[in-house]
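One structure below.
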Amino acid sequence: MIKYFLLPLGTFLFILIGSYTRKGKTDNETGAALKVNQLYQQQLDEFYTSILFLDSCIRHDMIEEELKEPFLHMREVFKSCEFLLVYLESDEARRINGANITTNHYHHMTPMEEKPPHGLQVIEDLIYNPEEGTRDELQKEVALLKALIALTIERNKAEFIIHAKDYNITIWDAVRLELFRIESMGITGFDVPESQNSLPETVAALNTLRQVVACYEQVFRKAKLKSRYEEGITLLDAASTFLDTQQDFNTFDRLSFMTDYLHPLSKWSTECISKLGYIYPVNVRPLNNEATYLFDSLIFNSAFFAPDMTPEKIELGKKLFNDPIFSSDGTRSCATCHRSDKGLADGLVKNQSLDGKQLLERNTPSLWNVAYQTKFFYDSKVKRLEMQVLDVIHNPLEMGGDVAVISGQLMNIPEYAALFNTAYNGTVNKSTTANAIASYLRSLKSFNSRFDRYIRGERELLTASEKNGFNIFSGKGKCATCHFAPMFNGLLPPHYKDNESEILGVPAHASTPSVLDKDPGKYATTKLELHKYSFKTVSIRNVELTAPYMHNGVFQTLEEVVEFYEKGGGIGHGISLESQTLPGSKLKLTEQEKKDLISFMKSLTDSPE
Ligand code: HEC
Ligand code: HEC
């Protein structure tokens, strides 16, 4: 039904573009967009053909080893259409290349339910780790992918990229986001955990971007920006040439690739959007449209992560954060556990309950950059910092206070009365109090470490060991497949709207690593089996200051943490945990590589207060 409706719509849009062209109004630009659409259509067709080929190889009973080559080819063709496919159809793209883990389907009208994974990453696993009886599954997955792409091709023929309101900004925004995606996911091996085919796939993705830019040659000329055009093509060619010099996944110098090629390219694309006069649609997005690269100090949009903040609210919030008035016995403030000399954590395995009779359930996390998340607590229990603040204050083990009552008392204190007057026109209640503290929390930004300054141009600031450590973090160590740039937490690129949780198999005690910690994690909130022992991926910024580590504070040093990962997490230590999302295999890091990894993490220390 929808299809029949869309076909005439497509024809209508086609005529619409045609009429623009005749008027000569946006002649070159429409021509460029049509060329991009044609290119995209060709790539989708090629993707479909590559799936048919893999399908026929399977039917001809080729063994899994022989299937690797057609599979890798198919992935590279996918990468050549990825930039628009993900941009235009993000749900579809997740079905095509989503992570190979069960997720949950959420709809507010129905109960949460589990959703098995499909697509390229499932196919990769079935080809690289075949088992008795998985052949049928492989055949089914390939058939499913074939059907999905056939539908995508149909839809695209009918709709054209115009269905987004302005096609030029759609295309250029998609180009810019693809550069961010390459940096935060592509080169880390995020979607190719088995084949580690990142290098050829990055070449394929960049090659498409070059073709897209080439479609705009006349547009640049007409705008008297010919040299800009040439700059872009030169940068894209240089990036591909650099990739050709790289040997393999483990030795790939990602840091140089980022600073010398990707960042100049994303800066170039951001500037072109403005110079060509393409206007972004007005909606508040996590990433700033003006940010020129992923580690730009402006990368995150305050309007999304920290709306309505004022210096007055922050000042008031800071005072409240340090005031013991919120604890029922007046002995502790937020700062008792979130200490500025401990990276806003407390240095303890677990802090004590208010009455001192028991330990809290979990280790105190750092609050640096807490704003850059859309879920809070280790189990992702709440989605707004204001809710989080109220939760802590009301928790009898933590503070045992009552915000409504305490807010009433605050107005009797002249200093607070003055601050509430300037910040909230004198309104003192539960919500303004929580908002003030949350505003202070959102102001706690730490994005200027030695590592950041190195990336931004101070190239003498990192040692060879720290640089190598970053390359291991983003490559052989697989760390960056969960701790995503630039916050190195679970905020998921390239849209940065959701925080991921993962199952690592963290033990209860370091001395008995084969015994799993019994904290159920996210399961406590969702009651979904797939969230059992799942914890939010925390940032490793300032991690030098926040020992001990993990939700239960089980590891005292970064060396212990790295050793845990080296052996494959819980599974590697003999815990039977089928749902573990961390690969259970050894990383095979050398002693020097482990040292480098830790040096890199320490280069992220930046505690401005
Ligand atoms: C007794 C120690 C203690 C006190 C006091 C305390 N916290 Fe915490 N805080 C913790 C612990 C432990 C956690 C982790 C709890 C969890 O994840 O289940 C936490 C978590 C948080 C988080 C979530 C961080 C994230 O990334 O998810 C925020 C925000 C926070 N606290 C803010 C505050 C504020 C604001 C106050 C004062 C109103 C406060 N805390 C008082 C111990 C404390
Ligand atoms: C499968 C996803 C995943 C991978 C891969 C991964 N991490 Fe983590 N990391 C997490 C999660 C989730 C947590 C929080 C776990 C918890 O608290 O139980 C975490 C916690 C940490 C912590 C502790 C932070 C703190 O303040 O307590 C450090 C340090 C760390 N990871 C470093 C690394 C390094 C180094 C690597 C690579 C060798 C790595 N991670 C790979 C998901 C991952």
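All values reported here derive from a predicted model rather than from experimental measurement. As the structure lists them, so they are numbered: ligands from 1, and atoms in each ligand from 1. All values below were derived from every heavy atom in this structure, side-chain atoms included, with hydrogens, water molecules and symmetry-related copies excluded.
Of all the listed residues (Y565, F488, F600, F535), Y565 holds the heavy atom that lies closest to atom 9 (N) of ligand 2. Comparing heavy-atom distances from atom 34 (C) of ligand 2 across C479, S366, G490, C482 singles out C479 as nearest.
Scanning the protein for heavy atoms near atom 24 (C) of ligand 2, the closest one is V538 CG2, 3.6 Å. Looking from atom 14 (C) of ligand 2 to the surrounding protein, the closest heavy atom is K536 O, 3.6 Å. Protein heavy atom in closest approach to atom 25 (C) of ligand 2: Y549 CD2, 3.7 Å. Annotation: atom 18 (O) of ligand 2 to nearest protein heavy atom, H551 ND1, 2.5 Å. Considering only non-hydrogen protein atoms, atom 27 (O) of ligand 2 sits nearest to M550 N, 2.8 Å. Annotation: atom 13 (C) of ligand 2 to nearest protein heavy atom, L504 CD1, 3.8 Å.
Tested against D379 for a salt bridge (charged side-chain N to carboxylate O under 4.0 Å, His left out), the candidates K532, R362, K527 yield a single pass: R362.
Of all the heavy atoms of R362, the ones lying under 4.0 Å from any atom of ligand 1 are found in both the backbone and the side chain. Looking at S327 against ligand 1, nothing comes within 4.0 Å, counting heavy atoms. By the criterion of a heavy-atom distance under 4.0 Å, neither the backbone nor the side chain of D379 is placed next to ligand 1. Residue L367 touches ligand 1 through its side chain alone, judged by heavy-atom distances below 4.0 Å. The side chain of M399, and not its backbone, has at least one atom closer than 4.0 Å to an atom of ligand 1 (non-hydrogen atoms only; side chain from C-beta on). Counting heavy atoms closer than 4.0 Å to ligand 1, residue D346 contributes nothing at all. With a 4.0 Å cut-off on non-hydrogen atoms, K350 does not touch ligand 1 at all.
Checking only distances, H483 does come within under 3.5 Å of ligand 2, N or O to N or O. Annotation: I437 places no N or O atom under 3.5 Å from an N or O atom of ligand 1; distance criterion only. Below 3.5 Å of separation, one finds no N or O of E502 facing any N or O of ligand 2. Below 3.5 Å of separation, one finds an N or O of Y378 facing an N or O of ligand 1. Considering backbone and side-chain atoms together, L597 places no N or O closer than 3.5 Å to any N or O of ligand 2. Any N or O atom pair closer than 3.5 Å counts here, and H338 shares at least one such pair with ligand 1. Among the atoms of T537, none of the N or O lies under 3.5 angstrom from an N or O of ligand 2.
Heavy-atom distances between L360 and ligand 1 reach below 4.0 Å in at least one pair.
Side-chain atoms of Y424 do not come within 3.5 Å of backbone N or O of N429 as any donor-acceptor pair. Proximity of a side-chain donor or acceptor of D191 to a complementary backbone N or O of G98 within less than 3.5 Å is not detected. Under a 3.5 Å cut-off, the side chain of T537 and the backbone N or O of G490 do not form any donor-acceptor pair.
A side-chain donor-acceptor contact under 3.5 Å links T251 and D248.
Numbered from 1 in the order shown, with element, the atoms of ligand 2 that lie under 4.0 Å from a heavy atom of G477 read 37 (C), 38 (C).
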